[in-house]
Amino acid sequence: MRQITIIKVFLFLCYIVLSLCSDTLMPMLSVQLGEPATFTCTRSNATKNYVYWYKQSPGDNLRLIGKSIIKQEKSTKPEFGPEFSDSRWKIDDDKKISKMSILKTTEEDEGTYHCVVSDWKDPFKWNGTYLIVKGKYYK
């Protein structure tokens with residue numbers, strides 16, 4: 001268990017160093033273990049948007065959390081990826097913003113969360129936020 005803690009701290013420090021050397025910084029969100037975490041993503045003004053939410057743990061590939069389709073300001077029921085369910089995850093869409101929430105965070109939730117918005121006329125819009133779950137390892 002101590003080895004995992006050292007690896008997490010090392011990866012976090014690498015992320016900070018790389019962020020400082022980059023032209024753009026990735027936003028970070030910090031929550032206490034067990035608290036909810038909410039991420040937001042701005043949608044385009046198109047009449048139909050596709051919104052995809054992904055999770056990426058350090059050293060891992062992107063995994064689809066869920067997706068929703070918004071047609072003329074009406075959202076379809078979100079579809080969740082195979083590793084995610086609506087018992088712990090929530091996706092809400094309104095006129096301009098899509099929100100993805102983790103209802104109760106665990107240590108395994110730490111990582112980068114990506115939002116991708118696509119519509120018929122604009123290229124993809126992509127943004128990410130790094131989630132830090134404070135508790136057992138971080139205070």
Side-chain angles (χ1 to χ4, degrees):
M1 192 56 87
R2 179 148 172 77
Q3 192 173 23
I4 292 172
T5 303
I6 293 170
I7 291 170
K8 278 183 139 182
V9 170
F10 174 76
L11 291 172
F12 176 71
L13 292 174
C14 288
Y15 169 78
I16 296 297
V17 169
L18 290 174
S19 295
L20 292 174
C21 297
S22 173
D23 289 340
T24 59
L25 295 175
M26 179 180 288
M28 295 175 73
L29 173 63
S30 178
V31 298
Q32 286 295 121
L33 183 66
E35 288 183 346
T38 299
F39 305 87
T40 59
C41 187
T42 305
R43 299 189 306 101
S44 72
N45 291 326
T47 56
K48 185 174 183 179
N49 286 150
Y50 297 86
V51 180
Y52 300 87
W53 288 96
Y54 294 93
K55 178 186 180 203
Q56 186 173 24
S57 298
D60 200 2
N61 294 324
L62 290 173
R63 296 186 329 230
L64 178 67
I65 296 169
K67 65 179 178 178
S68 58
I69 301 170
I70 300 93
K71 296 178 187 176
Q72 297 177 352
E73 299 183 10
K74 292 184 180 179
S75 176
T76 62
K77 182 178 179 188
E79 296 177 32
F80 288 90
E83 301 173 52
F84 304 90
S85 73
D86 60 1
S87 65
R88 227 172 63 77
W89 304 80
K90 183 177 179 184
I91 296 174
D92 288 316
D93 300 295
D94 64 22
K95 287 183 178 183
K96 300 284 182 190
I97 294 175
S98 180
K99 294 180 184 178
M100 191 275 300
S101 298
I102 306 169
L103 302 177
K104 186 176 180 181
T105 55
T106 66
E107 292 170 350
E108 291 77 28
D109 292 330
E110 188 160 313
T112 304
Y113 290 83
H114 302 272
C115 172
V116 181
V117 177
S118 172
D119 63 50
W120 62 275
K121 64 178 182 173
D122 290 328
F124 290 107
K125 295 176 186 170
W126 189 291
N127 67 40
T129 302
Y130 190 86
L131 175 66
I132 297 173
V133 180
K134 296 189 284 185
K136 189 172 183 181
Y137 300 113
Y138 305 117
K139 298 286 181 189

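Numbering of residues begins at 1 and proceeds along the displayed sequence.
Closest approach of Ala37 to Leu29, counting heavy atoms only: CB-CD2, 4.0 Å. Here the shortest heavy-atom pairing between Leu62 and Tyr54 reads CD2-CB, 4.0 Å. The heavy-atom pair separating Leu131 from Val31 by the smallest distance is CD1-CG2, 3.9 Å. Here the closest non-hydrogen pair linking Ser98 and Ile91 is OG-CG2, 4.3 Å. Residues Pro27 and Gly128 share a closest heavy-atom pair of CD-O, 3.2 Å. Scanning all heavy atoms of the two residues, the minimum distance from Val51 to Cys115 falls at CG1-SG, 4.0 Å.
At least one donor-acceptor pair closer than 3.5 Å links the side chain of Glu110 to the backbone N or O of Val133. Under a 3.5 Å cut-off, the side chain of Arg88 and the backbone N or O of Lys104 do form a donor-acceptor pair. Put simply, the side chain of Thr105 gets close to the backbone of Gln32: a donor and an acceptor are under 3.5 Å apart.
To the nearest 0.5 Å, the span separating OG1 on Thr106 from CG on Leu33 amounts to 7.5 Å. Considering CH2 of Trp89 and CG of Leu103, their distance stands at 9.0 Å, rounded to 0.5 Å. Here the OG-CZ distance, from Ser68 to Phe80, works out to 9.0 Å after rounding to the nearest 0.5 Å. Rounding to the nearest 0.5 Å gives a distance of 12.0 Å between CG of Asp92 and OG1 of Thr40. The distance from atom CE of Met28 to atom OG1 of Thr129, rounded to the nearest 0.5 Å, is 10.0 Å. A distance of 8.5 Å separates CH2 of Trp53 from OG of Ser101, quoted to the nearest 0.5 Å.
Two different hydrophobic clusters hold Ile97 and Phe39 under the rule that ILVMFWY side chains link at heavy-atom gaps under 4.5 Å.
Here the side chains of His114 and Trp126 are in contact, with some heavy-atom distance below 4.5 Å. Using a 4.5 Å heavy-atom threshold, the side chains of Cys41 and Tyr52 count as separate.
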